[in-house]
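All remarks here apply to the structure that follows.
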Amino acid sequence: MATTGQEIVIVGGGLVGALNACFLAQRGFKVSLYEMRADIRTQLHVKGRSINLALSRRGREALKMVGLEDMVVENGIPMHARMIHDLDGTRRPIPYGEKHQYIMSVDRKHLNEVLLNAAEQKGIKLLFEHKLIRCDFDRGMVIFERADESQVTVSCDLIIGCDGAFSAVRNQMMKRTRLDYQQEYIPHGYVELTIHPKQNQFAMEVNYLHIWPRNEFMMIALPNQDKTYTTTLFMPFKNFESLKTKDDIIEFFQKYFPDSIPLLEEENIKETMSSTPAQPLISIKCHPYHVGTKGLIMGDAAHAMVPFYGQGMNAGFEDCIVLDELMDEYKNDFTKVLPAYTEKRHVDATAICELAMYNYIEMRSSVNSKLFLLRKKLDNFLQKLFPKSWIPLYTMVSFTRTRYHQCIERRKTQDKIIRCLSYSIIPLVVGVTVIVTKRNEIGQYISDIPLNISQLKISLDRFIHRFL
Ligand SMILES: Cc1cc2nc3c(=O)[nH]c(=O)nc-3n(C[C@H](O)[C@H](O)[C@H](O)COP(=O)(O)OP(=O)(O)OC[C@H]3O[C@@H](n4cnc5c(N)ncnc54)[C@H](O)[C@@H]3O)c2cc1C
Ligand SMILES: COc1ccc2c(c1)CN(c1nc(C(=O)N(C)c3cc(Cl)c(F)cc3C(=O)O)c(Cl)s1)C2
């Protein structure tokens, strides 16, 4: 493969850094990837990370572009629907859409290992236990501290920070350019519990994203290949802190998640909840994503979001596609690519950060299982009624590559149309109903009105589609 001669240092060997390295090596750059932690491939379990994640369309497209989609998907578990757990233990499935519209539950560690192995196979130099401490964005130099506290200085043509929400590269950028930055910790934290197999079988329906929506509290469970479910409890820190004793813990689960107790097993709930500190959730937005012609940040380093759309990794993977496309457009000229990247990606990354936060606020304030069901069923009903013009927001976000900011714009238009239709459609439906039911008495006057509902639906769909 032709090499460009340019050298790129990627800081951070997590999901986005490792994938980005594959994209850039594929373009012929000489890539070195520096990761602060030890090589996860030599470790049994990496602590403090969500154990599995929902991979959807944007992330799969990126993996496909470096030839890794099949390898990741074959180890994932498809989730065709949500399974809503009601307080009384009733379970109701809500499909994500058509048969081909499903998301994947993938193991984080396995995904990271696949990406690191692929990077190594593409000739990328991986250096672990190298913690970035300083960048010189003018001269293209980075200084790393090694496990033995010695330092090493590396020079390169481009530094890309994929070092996560608490990015050191971003901190260095702040000293060098007018970088606007805002962060918000939400009042909720999370604890991960595990549902183990029962008689060596999955303890719940497999191909579902299980949800226990309880307004202020929520639990989500995604299946793993080993027949366990990683179950994440989201709750305000003040509520975690109020569970002082193991009895408090069990009483809480009996009150809000009674059906989950036999699944999670009482002893495990008590043990995990009393020994695991709740992890914080942070939302970070910043601008710009580049400095000069030698510094760039991507993934959570640029846009960390609360997980209430399951898009953080998918958005970071899509960042790699956007950069790759701009490298094509500007023929690897970093002086053009970097500003173009900020220009193009910032509006979308900000949009998904805000969408995720909005969904968190909505879920926390008003969504219990009845309302969650109703909203999703209405979405699915309208999509069936007006397939060309009504696309639920979650469908645009998780099953298309519609730019995130355009998902929001489209949703606003759809909301306007639905509002105006609801002022006119209701009288229309009432009118049609009256006509249909009273047709015999008044038939001689109105024989030519299209009483065929499907004709009416098609013309209404065409009418709406004109607005979008
Ligand atoms: C509870 C929870 C559930 C989630 N669920 C989903 C989901 O279902 N779907 C989804 O798409 N996303 C999900 N996410 C978001 C997803 O985990 C992140 O968006 C994703 O991990 C970001 O990847 P990244 O590589 O940008 O950052 P990270 O994964 O944080 O990786 C950054 C890497 O940089 C390294 N590093 C940090 N500082 C330095 C330094 N100074 N020097 C060298 N290396 C450094 C770190 O060790 C780490 O390996 C979830 C997040 C949470 C918290
Ligand atoms: C590992 O930890 C986590 C934590 C949270 C999430 C995930 C994994 C994966 N998540 C997904 N969210 C959507 C989505 O679009 N919406 C609107 C939803 C948002 C919430 Cl909060 C929810 F509970 C269901 C849906 C839903 O529609 O199923 C997907 Cl599609 S996947 C959230």
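Here the structure is a predicted model, which means the values were calculated and not measured.
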Pairing of [X] and [Y] as salt bridge, 4.0 angstrom limit:
| X | Y | result |
| --- | --- | --- |
| Arg60 | Glu69 | yes |
| Lys336 | Glu329 | no |
| Asp328 | Arg27 | yes |
| Glu184 | Lys285 | no |
| Glu120 | Arg41 | yes |
| Asp70 | Lys64 | no |

Are [X] and [Y] close enough that their ring centers fall under 6.0 Å?
| X | Y | answer |
| --- | --- | --- |
| Phe234 | Phe308 | yes |
| Phe334 | Phe29 | yes |
| Tyr102 | Phe399 | no |
| His346 | Tyr289 | yes |
| Phe237 | His188 | no |
| Tyr229 | His210 | yes |

So which of Glu145, Gln172, Met141 actually passes side chain to side chain contact (heavy atoms under 4.5 Å, CB included) with Arg134?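 Testing Arg134 for a side chain to side chain contact (heavy atoms under 4.5 Å, CB included) against Glu145, Gln172, Met141 leaves exactly one candidate, Gln172.
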Are the side chain of [X] and the backbone N or O of [Y] linked by a donor-acceptor pair below 3.5 Å?
| X | Y | answer |
| --- | --- | --- |
| Asp348 | His405 | yes |
| Lys227 | Asn224 | no |
| Asn314 | Ala54 | yes |
| Ser260 | Phe257 | yes |
| Ser274 | Lys270 | yes |
| Arg170 | Ala301 | yes |
| Arg37 | Gly13 | no |

Provide the closest heavy-atom pair for Met71 versus His110 in the form atom of the first, atom of the second, distance.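 Looking at all heavy atoms of both residues, the shortest contact is O-CE1, 4.4 Å.
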More than 12 foreign heavy atoms under 6.0 Å from CZ of Phe128: is that the case here?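 Enclosed.
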